[in-house]
Amino acid sequence: MTNIPDRPTLDGIEDRWAARWDTDGTYDFDATAVRADVFSIDTPPPTVSGSLHVGHVFSYTHTDTIARYQRMAGKSVFYPMGWDDNGLPTERRVQAYYGVRCDPSVPYEAGFEPPFRGDPPKKHQAIPVSRPNFLELCDELVEIDEELFERLFRRLGLSVDWSLKYATIDERSRRVSQRAFLRNVARGEAYTQEAPTLWDIDFRTAVAQAEIVDRNRPGAYHKIAFAKSDGSGSIEIDTTRPELLAACVALVAHPDDERFQPHFGTTVRVPIYGQEVEVRAHELAQPDKGTGIAMICTFGDTTDVTWWRELALDMRVIIGRDGRILPDTPAGVDATAYAEIVGKYPNQAQKIVVDALTESGELIGDIRTIDHDVKFYERGERPLEVVTSRQWYIRNGGKDTDLRAALVGRSGDVTWHPEHMRHRYENWVEGLNSDWLVSRQRFFGVPIPVWYRLDDAGEPMYDTPLVPDESILPIDPSTDVPDGFTADQRDQPGGFAGDPDIFDTWATSSLTPEIAGLWEEAGADLFDRVFPFDMRPQGHDIIRTWLFSTMTRSHHEFDVAPWKHAALSGWILDPDRKKMGKSTGNAQTPEGMLEQFGTDAVRYWSASGRPGVDTTFSEDQMKVGRKLANKLLNVSKFVLSVEPDDGSGVDMDASLALTVTDPIDRSMLAKLDAVIVEASTGYDNFDYARALERTESFFWWFCDNYVELVKNRAYEAMGPDAAASARRALREALSSIQRLFAPILPFATEEAWNWWNESSVHAQSWPLPVGLDGDAALIDAAIDALTLVRRAKSEAKVSQRADVDSVTITAPGALRAALEAGRADLAAAGSIAEITIVEGGAGDSLTCDVVIASTGAG
RNA sequence: GGGCGCAUAGCUCAGUUGGUUAGAGCGCUGCCUUCACACGGCAGAGGUCAGGGGUUCGAAUCCCUUUGCGCCCACCA
């Protein structure tokens, strides 16, 4: 029955069992299961640019433990994997990998060969390639990356059903993304608008509020005098951006500020450039900032946008989409002065303007350097500018208090793990101030599936976009032609034009439940079996992006939250408690860690990080995990090496209650029952760490105490019935222990399980309490006594095997019965010739007087 | 400025409705090559539970407060 190696080992078990699970389909989803029998997971699709890092291993392990538990608890687990491969990260990686850049004006070249495949030299000048060629290279590279990712995730033992794979750029994702968007358009939840937006000048694309981060940068206050137009003196303002003087359209102070009330409605002359601008009043102006009066430029920051809109000001645009000063002189601005800064970047223009101000005497006092926060695109390298452009938006409550309140309320549809993460979501939604900008002026992404009629002047008619029928999705409006038009009408007056933009990656990944669940896909009946999903696992850093955007789409489309539970993972911290960075040591790459410690050891470390809690990277914890996995193999070997019914004549198929007769064994099983309940409760609450802690704690106690105590009896030192009780209890406990550890240590448990079983441990049912009427506390007395005997031997510096002539245990009455029950086991475990139990002491404390045999004491 | 979290042994962390003497692992010290395991076992040392105040018969746990650390958001002329 058993097939136990002489020397159990963890080496090589990953490859062996991962391959076996794959061929056996151990983790296949049962697509016929009804909703009530399904546990569905909205797996985070990792960005496939670059490489996987320790954080991936950490958080994906958390999800996998829950998936494995739910599977064993009887659910058909829908656990797909997706790759987030569309969008800017891939474009950047393609540029760096092949040494190219996308230039839509370049014609397509069939059979194009990039100058490099990996690691172009640093000084290499990127060569321009056509958009279709660029997209081909994107497809090529993501395929390479995705293979790498899949290999690592398999090595990590994720119990994913790999047949449920998707990529956010694949045809299905494009179709789902476009379908959902078109429905948003039809219901008025998506709209297009020309407006000032934050703009990255390097990537030349608009960015959304959720992708903006503050970075602290040095800046400087410049005090500048604006002469009153009527010659009655001047007004001084402080600005950090003097280079925008040419874009100045007004000054603004608070309406209650008595210093400036006399000036409201009057005009001043802008230094150097000469345009006349009005002094205005607005509550957003802060009397205690700078000189209390600010210049408004179109546009220096988002406050300027607010003032420009609410005060109905003129526009003087000077910064272009590439971040350089535009060639055309704005109205009212001195052309000669303006020519000095044309074509410069803002920092270059600033020097020129400051020099001119210094020369003219309009720069007052010294420039005062400061550190201040500046808005950046989270992937960007230069500060964002505000640029006016036409963009698509999806309503998310940023401009609509009712919708905002509804989306805040959706938080209540979800159980958060840990609970306090709810606040992150609610705070973010409550603080929104704009709708969700979903269009991007980039290349590798899902095309926005609309066209525009062109009027007789060739101008697009944006208010009435032409939309495709859902049945032909996905489309690419740059090559597909709308109904009622012919290809030669493209970009012709009276014809049509395709929308040139793509969706931001979040606009597609906000639909992962719909993509993975085959929402509205032809012939599929999956969606109703999995939606709303049971679980959304993700990092807490992307609550404002992925979690919120998924919620928004589901709210619009289904009027329900897309999942029942949100499980938020923490960060990985360096051992010095700083953010995990590049460090030395091969163990800090996922591959190196898995190689050095073994998968189960790394998973053990991951699972010891409690949900939502930042966790220190700890090789020590991985060593402990390896020790645990090793111990599991060895104790399994021991338990299984004691044949269950070896010549005893005892019926091992009889009920547990009939075979397990010894109160000590029943006591152990009662403890195990409690652990099973606690571990199950932990997993039910998405707290794998608690389940692990309870299981592990019991396991070490089981090995160190119970096994040592009953070992001799199991060897049949006290007769067949006594042995049968111990053997049966040992096997019962082993079976439960292997299953309890299976979600955390899938490889070691599978290895040991297969020594005595035919099928995978991961296909077994989750252990249930056996419910024998054992007294969990009973065994503690015997173990306390055993510990005292061990201590006596340790202090006498003799072997634990040394013979003991006699032990006199002094214990209060309440414990004496318990000691009697364990008396024989204790004598055998401690090699004790004679045990005397006498009345004494109080509570549950006992003392031992140990007389070690003189012979053999050394 | 608003919100959230954290603070327990040298280190990493448990300690779920308040309940005897605050636990584990690592590290450290000593002992034991023992018939599951030397990738081992046994034992030991080590803590004013961040500080202060309060509630209670009883507080690491509940309340108030101070300090320190971290995160999110807002403001950024």
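Convention: sequence-line order gives letters A, B, ...; per-chain numbering from 1. Computed from a predicted model, the values in this text were never measured in an experiment.
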Under 3.5 Å, is there a donor-acceptor pair between the side chain of A/Thr615 and the main chain of A/Val613? yes

Can you tell me how far P in B/G2 sits from the matching atom in B/A60, rounded to whole Å? 32 Å

Students often get this wrong, so: under 4.0 angstrom with heavy atoms, is A/Thr291 touching a base, only sugar-phosphate, or nothing? nothing

Can you tell me, in whole Å, how much space there is between the C1' of B/U34 and that of B/G47? 34 Å

For residues 298-308 of chain A, run the donor-acceptor check on the side chains, cut-off 3.5 Å, and write out each pair with its distance to 0.1 Å, sequence neighbours left out.
from	atom 1	to	atom 2	distance (Å)
A/Thr298	OG1	A/Arg316	N	2.7
A/Thr298	OG1	A/Arg316	O	2.7
A/Asp301	OD1	A/Thr303	N	2.9
A/Asp301	OD1	A/Asp304	N	3.0
A/Asp304	OD2	A/Gly300	N	2.8
A/Asp304	OD2	A/Asp301	N	3.4
A/Thr306	OG1	A/Thr302	O	3.2
A/Trp307	NE1	A/His282	ND1	3.2
A/Trp308	NE1	A/Leu313	O	3.2
A/Trp308	NE1	A/Asp314	O	3.3

The answer to which of A/Pro287 and A/Met421 contacts RNA chain B further toward the 5' end, by nearest nucleotide, is A/Met421

Given B/G3, B/A74, B/G25, the nucleotide with the shortest approach to the side chain of A/Val624: B/G25

Touch class at under 4.0 angstrom, heavy-atom based, for A/Cys703 against every strand present: base

Roughly how many Å is it from CG in A/Asp620 to C1' in B/G10, rounded to a whole number? 13 Å

Among the nucleotides B/C75, B/G41, B/C31, whichever has the atom closest to the side chain of A/Asp704 is B/G41

Mind checking A/Arg626 for me? I need base, sugar-phosphate or nothing, with any heavy atom below 4.0 Å counting as a touch. base

Salt bridge (charged side-chain N to carboxylate O under 4.0 Å, His left out) against A/Glu708, all qualifying residues, sequence neighbours excluded: A/Lys711

For atom C1', what is the distance between B/C64 and B/U55, given to the nearest Å? 11 Å

Under 4.0 angstrom, heavy atoms only, what part of the nucleic acid is A/Arg791 near: base, sugar-phosphate, or nothing? sugar-phosphate

Approximate separation, where rounding is to 0.5 Å, of A/Leu628 CG and A/Asp600 CG: 9.0 Å

Against the side chain of A/Trp700, the closest entry in B/C75, B/G30, B/G41 is B/G41

How is A/Ala689 classified with respect to the nucleic acid when contacts are heavy atoms under 4.0 Å: base, sugar-phosphate, or nothing? nothing

Options B/C75, B/G30, B/A43, nucleotide nearest the side-chain atoms of A/Thr787: B/A43

Presence of A/Arg7 side-chain N/O under 4.0 Å of B/A38 phosphate oxygens OP1/OP2: yes

B/A59 to B/C49 separation - P atoms, rounded to the nearest Å: 12 Å

Looking at CZ of A/Arg626 and CZ of A/Phe597, how far apart are the two atoms once the value is rounded to the nearest 0.5 Å? 9.5 Å

Among the nucleotides B/C26, B/C73, B/C39, which one has an atom lying closest to any side-chain atom of A/Arg544? B/C73

If you assign A/His420 and A/Arg801 each to the RNA chain B nucleotide with the nearest heavy atom, which residue ends up on the more 5' nucleotide? A/His420

Nearest 0.5 Å, please: how far is CG in A/Leu251 from CD1 in A/Ile235? 6.0 Å

When you measure from the side chain of A/Trp428, which nucleotide among B/C73, B/C75, B/A43 comes out closest? B/C73

Is a donor-acceptor pair below 3.5 Å formed from side chain A/Lys631 to base B/C37, judging by atom type as modelled? yes

Just wondering, are more than 12 heavy atoms of other shown residues or ligands nearer than 6.0 Å to CG in A/Asp366? no

Side-chain atoms of A/Thr616 come closest, of B/U12, B/G41, B/G3, to B/U12

Select base, sugar-phosphate, or nothing to describe what A/Lys627 touches, counting heavy atoms under 4.0 Å on all strands. sugar-phosphate

Is there a donor on the side chain of A/Ser794 or the base of B/G30 sitting less than 3.5 Å from an acceptor on the other? yes

Base, sugar-phosphate, or nothing for A/Gln286, non-hydrogen atoms under 4.0 angstrom? base

Separation of A/Asn634 atom CG from B/G40 atom P, in whole Å? 10 Å

What about A/Tyr425 and A/Trp416, are their ring centers closer than 6.0 Å? yes

Could you measure between the two P atoms, the one in B/U48 and the one in B/G10, and give it in whole Å? 8 Å

Check if the side chain of A/Asp214 and the base of B/C75 share a donor-acceptor pair of N or O atoms closer than 3.5 Å. yes

Which nucleotide in the set B/A14, B/C76, B/C32 lies at the smallest distance from any side-chain heavy atom of A/Arg610? B/A14

A/Ser697 side chain near B/A14 phosphate (N/O to OP1/OP2, under 4.0 Å): no

Looking at every strand, decide which applies to A/Ser641 at a 4.0 Å heavy-atom threshold: base, sugar-phosphate, or nothing. nothing

Take atom P in B/U33 and the same atom in B/A38, then report the distance between them in whole Å. 15 Å

Touch check for A/Ser636, heavy atoms < 4.0 angstrom, all strands: base, sugar-phosphate only, or nothing? nothing

Please check the phosphate of B/A74 (OP1 and OP2 only) for any side-chain N or O of A/Gln209 closer than 4.0 Å. yes

Is A/Glu708 touching bases, backbone alone, or none of the nucleic acid, heavy atoms closer than 4.0 Å? base

A/Arg694 near the nucleic acid: base, sugar-phosphate alone, or nothing, with a heavy-atom cut-off under 4.0 Å? base

For nucleotides B/G40 and B/C4, find the distance between their C1' atoms and express it as a whole number of Å. 45 Å

If you measure from the P atom in B/G25 to the same atom in B/G41, how many Å do you get, rounded? 10 Å

For the pair A/Asp687 and A/Arg694, find out whether any cationic side-chain nitrogen is under 4.0 Å from an anionic carboxylate oxygen. no

Students often get this wrong, so: under 4.0 angstrom with heavy atoms, is A/Lys375 touching a base, only sugar-phosphate, or nothing? base

So what does A/Gln800 touch, heavy atoms closer than 4.0 Å: a base, only the sugar-phosphate, or nothing? base

Just to be sure I understand the rule, does A/Asp373 reach a base, reach only the sugar-phosphate, or reach nothing, if contact means heavy atoms closer than 4.0 Å? base

Which nucleotide, B/C71, B/C4, B/C31, lies nearest any side-chain atom of A/Arg424? B/C71

Measuring to OP1 and OP2 of B/U34, would you say a side-chain N or O of A/Lys711 lies under 4.0 angstrom away? no

